[in-house]
Amino acid sequence: MAKKYWLMKSEPDAYSIDDFKGDKTTYWDGIRNYQARNFMMKDMQVGDEFIFYHSNAKPPGAAGVGVISKAAEPDPTQFDKKSKYFDEKSKTDNPRWHCVTCKFKSKFKTFIPLPELKEMKPLKNMMLLQKGTRLSIQPVSAKEFEHIVKLGQAQ
DNA sequence: GCCAACGTTGGC
DNA sequence: GCCAACGTTGGC
């Protein structure tokens, strides 16, 4: 299957591109939305690349690139009573939530704030820019991905 | 901090 | 299966 491209949101107060850079790989846990989970479980493959997006930031925007390094597996935080992601309805023999493992690829030389993304004509159909889209994991087309990466790598 | 948009829950 | 109430996301 062809390589796919994604956009994954993270609040930099909780986990920023610099945290990701320092960790090199991270477990993308804490996803508690069925649509986002389904993308991870059904459509993501090892080798897919994604835009690391800072949400709820000043300003929000595209911060870097990562690669999926391990397919979805049960999210351990759902069984951890001390975790804020604990889900009492999820059973160990039938886990409700899964998460992928991601590897850091690059941090953009130029952070691309959301208002700039909105001005880019090639990106006008991006799910991120549609009104009311809150999904924390969403697909992007190869063209959209390349366009953003080109902007991010420019000095 | 506000609020619009959307998802989830639960009563019926 | 409908829908009101509530919670969350996330830009501003």
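Just so we're on the same page: letters track the sequence lines, and every chain starts at 1. All of these numbers come straight from a predicted model, not from anything done at the bench.
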Asks: State whether the side chain of A:Asp75 and the backbone N or O of A:Gly30 hold a donor-acceptor pair below 3.5 Å, judged by distance alone.
Replies: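 Checked: pair present.
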
Asks: Of all the heavy-atom pairs spanning A:Arg32 and A:Tyr85, show the shortest one and how long it is.
Replies: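 That would be NH2-O, 2.9 Å.
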
Asks: Is A:Thr133 reaching over with its side chain to a backbone N or O of A:Met127, donor-acceptor style, under 3.5 angstrom?
Replies: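 Present.
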
Asks: Earliest and latest nucleotide of DNA chain B, 5' to 3', sitting under 4.0 Å from a non-hydrogen atom of chain A?
Replies: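 Contact span on the strand: B:dA5 to B:dT9.
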
Asks: Would you say that A:Val140 contacts A:Leu123 through its side chain, given a criterion of any heavy-atom pair below 4.5 Å between the two side chains?
Replies: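 The answer is no; the side chains never approach within 4.5 Å.
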
Asks: Which of parallel (below 30°), tilted (30 to 60°) and perpendicular (above 60°) describes A:Phe20 and A:Phe104?
Replies: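 Aromatic pair A:Phe20/A:Phe104 classed perpendicular.
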
Asks: When we call it a touch if two heavy atoms are under 4.0 Å apart, what does A:Lys58 touch: a base, just sugar-phosphate, or nothing?
Replies: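 The residue A:Lys58 makes no contact with any strand.
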
Asks: Which sits closer to the 5' end of DNA chain B, A:Gly132 or A:Asn56, going by the nucleotide each is nearest to?
Replies: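 Residue closer to the 5' terminus by nearest nucleotide: A:Asn56.
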
